[in-house]
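What you are looking at is a predicted structure, and each value in this text was computed from that prediction instead of being measured.
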Amino acid sequence: LLEAAEESGEVEEVRRQLHAFATAIEGPGPLRAALHDPQVDLAAKHRVLAGVTGDGNKLVQNTLRLLLERGRIGAVADVNDEYERLAAQLERRVEVEVTSAVPLDADVEQAITTRVQTATGRTVRLSKRVDPAVIGGLVIQIGDVVLDASLKARAAQLRTQMKRAR
């Protein structure tokens, strides 16, 4: 799928549409029910899928039709995740998630983005999450690596050291 999207110059469009469909089918609702129900015949499922994808990208439509025909429509989230991973590699992009106790200032976001770009040599896609449990500081996840510079983590380290010192 990625190779075909790259050849046609539609990598980002395919990513957006595949992600949107994967998100729509994940939650409870009539779309998920119709496409997963073994009592609904394949022709009806194809009509539902055609109605949902409408004027969407042909590569995405064909991929979803193939998954449906093979009884693997439930794997669309896995297909989406793998597509995201491969597209990020292709585009030399790294996903960075920053968790903080309060919303970050634009200057802090820019500083994090710049430092990660310098360290990795890749384009950064930054996503932010606010979690009051962090207390202060930041938790930065870059791919599979987690850098925990939060007060919560520091307090846990101090607790552990104090227990050992007894």
Non-hydrogen side-chain atoms of Leu104 and Leu138 separated by less than 4.5 Å: yes
Salt bridge flag under 4.0 Å for residues Glu97 and Arg129: yes
Side chain proximity check, Arg125 to Glu84, heavy atoms < 4.5 angstrom: yes
Under 3.5 Å donor-acceptor, Asp37 side chain and Ala33 backbone: no
Pair Thr113, Gln117: side-chain N/O donor-acceptor within cut-off below 3.5 Å: no
Considering all heavy atoms, the nearest Val130-Ala101 contact: CG1-O, 3.3 Å
OG1 on Thr123 to CZ on Arg92, rounded to 0.5 Å: 8.5 Å
Close side-chain approach of Glu69 to His46, heavy-atom, < 4.5 Å: yes
Flag side-chain contact, heavy atom, 4.5 Å: Asn80 against Asp78: no
Test item: Thr53 side-chain N/O and Gly56 main-chain N/O as donor-acceptor pair under 3.5 Å: no
Any donor-acceptor N/O pair, His19 side chain to Arg15 backbone, under 3.5 Å: no
Reported CZ-to-CD distance for the pair Arg115 and Gln110, which is rounded to 0.5 angstrom: 13.0 Å
Candidate pair Glu95 and Arg93, rule salt bridge (charged side-chain N to carboxylate O under 4.0 Å, His left out), full reasoning: CA-CA 7 Å; Glu95 302 291 329; Arg93 182 182 74 233; 2.9 Å; yes
hydrophobic_cluster_shared for Val60 and Leu86, side chain cutoff 4.5 Å: yes
Ile73 side, atom CD1; Leu49 side, atom CG - distance, nearest 0.5 Å: 6.0 Å
Trace of the side-chain contact (heavy atoms from CB on, under 4.5 Å) decision for Gln61 with Asn57: CA-CA 6 Å; Gln61 288 177 344; Asn57 183 281; over 6 Å; no
Hydrophobic cluster membership, Ile135 vs Val102, 4.5 Å side-chain cutoff: no
Reported CG-to-CG distance for the pair Leu66 and Leu68, which is rounded to 0.5 angstrom: 9.5 Å
For Val139, the option from Asp131, Val146, Val98 that meets side-chain contact (heavy atoms from CB on, under 4.5 Å): Val146
For Thr99 against Val134, the heavy-atom pair lying closest together: CG2-CG2, 3.7 Å
Contact check, side chains of Val124 and Ile112, non-hydrogen atoms, under 4.5 Å: no
For the student: nearest non-hydrogen atoms of Gly143 and Val94, plus distance: N-CG2, 4.5 Å
Ile140-Leu151 co-clustered via ILVMFWY side chain contacts under 4.5 Å: no
Approximate separation, where rounding is to 0.5 Å, of Glu10 CD and Lys58 NZ: 11.0 Å
Between Gln161 and Arg164: side-chain donor-acceptor atoms closer than 3.5 Å: no
Contact check, side chains of Val96 and Gln141, non-hydrogen atoms, under 4.5 Å: no
CG on Leu1 to OG1 on Thr63, rounded to 0.5 Å: 4.0 Å
Over 12 non-hydrogen atoms of neighbours within 6.0 angstrom of NZ in Lys45: yes
Which atom of Tyr83 lies closest to which atom of Leu2, heavy atoms considered: CE1-CA, 3.6 Å
Heavy-atom closest pair, residues Asp41 and Ala44: OD1-CB, 2.9 Å
Side chains of Leu59 and Glu13 in contact at under 4.5 Å (non-hydrogen atoms): no
Contact summary for Ala77 and Glu26, nearest pair of heavy atoms: CB-OE2, 3.9 Å
